2 protein chains.
Amino acid sequence: MKNYVRDKRMSFGMTQDELSEKLDVSRQTIISLEKGKYNPSINLAFKLSKLFKCTIEDIFIYEEDEKDV
Amino acid sequence: MKNYVRDKRMSFGMTQDELSEKLDVSRQTIISLEKGKYNPSINLAFKLSKLFKCTIEDIFIYEEDEKDV
DNA sequence: TTATATTGTCAAGCTTACTTTACATTTTAT
DNA sequence: ATAAAATGTAAAGTAAGCTTGACAATATAA
């Protein structure tokens, strides 16, 4: 799954630390997401979409044939 | 988080067993989702949205003050 | 250059999504 | 009423998301 977390974060002029605090998750979680180490929980995906004022689908791009299922 | 999995499934005339097979998850997972025992992974949420031809937001309703975070 | 901010890595541990199996209850059809 | 289909429950185990802490590397600024 591809994602635009880093792009969105930067377009909002936020640091990983600021983002993690606003979302109430650890900075590690943000790093891992941006680096594509794993997918977010649906709760975190929703939090991101609310904060970035867009849909989950705007941030996360699902690829039909995901190997990481 | 509220969800309309059961409603969507029934509107498609499918059984839990059929749905679980199409999504490649266990029937238990469907039961647990419909019963609200836990939230789906974002992967499963995407699979459901594709199958039901709608958005994740159409199926799962995020409540700002989720206690289950 | 030196300090400071920001980003990144590693590892151990916890929580929760999900699986599997086996069986019980409810619904639908004959 | 009986059988079959569909739904539900319980429990133990695996996998993945997330945390914490400590420290390394890179970028930005004075």
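Since we're looking at a predicted model, the values are computed, not measured. Throughout, a chain's letter reflects where its sequence line sits, starting with A, and its residues are numbered from 1.
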In whole angstroms, how far is the C1' atom of C:dA17 from the CE atom of B:Met1?
13 Å
Roughly how many Å is it from CG in A:Leu19 to C1' in C:dT7, rounded to a whole number?
13 Å
Hydrophobic cluster membership, A:Ile59 vs A:Met14, 4.5 Å side-chain cutoff
yes
With a 4.0 Å cut-off on heavy atoms, is B:Ser41 in touch with a base, just the backbone sugar-phosphate, or nothing at all?
sugar-phosphate
Tell me whether the OP1 or OP2 atom of D:dT19 has a side-chain N or O from A:Ser26 closer than 4.0 Å.
yes
Which whole-number value in Å describes the distance from A:Ile42 CD1 to C:dA17 P?
10 Å
Cluster question for you: counting only ILVMFWY and a side-chain heavy-atom cut-off of under 4.5 Å, with indirect links fine, are A:Phe12 and A:Val25 together?
yes
Residues in side-chain contact (heavy atoms from CB on, under 4.5 Å) with A:Lys37, at least two apart?
A:Ser32, A:Lys35
Which letter, B, S or -, goes with each nucleotide of nucleotides 5-11 of chain D from 5' to 3', with contact meaning a protein heavy atom under 4.0 Å?
-SBBBB-
What is the minimum heavy-atom distance between B:Gly13 and B:Glu18, and which atoms define it?
O-OE1, 3.9 Å
Over how many whole Å does the gap from B:Leu44 atom CG to D:dG17 atom P extend?
13 Å
May I have the distance from B:Tyr38 (atom OH) to D:dG17 (atom P), rounded to whole angstrom?
15 Å
Just checking B:Phe52: does its CZ atom have more than 12 heavy atoms from other residues, nucleotides or ligands closer to it than 6.0 angstrom?
yes
Hey, can you tell me if B:Phe46 and A:Tyr62 have their rings parallel, tilted or perpendicular (30° and 60° cut-offs)?
parallel
What is the separation between atom CG on A:Leu23 and atom P on D:dG17, rounded to the nearest whole Å?
17 Å
Take atom CG of A:Leu48 and atom C1' of D:dG17, then tell me their distance rounded to the nearest Å.
13 Å
Let me know the distance between CG of B:Asn39 and P of D:dC18, rounded to the nearest Å.
11 Å
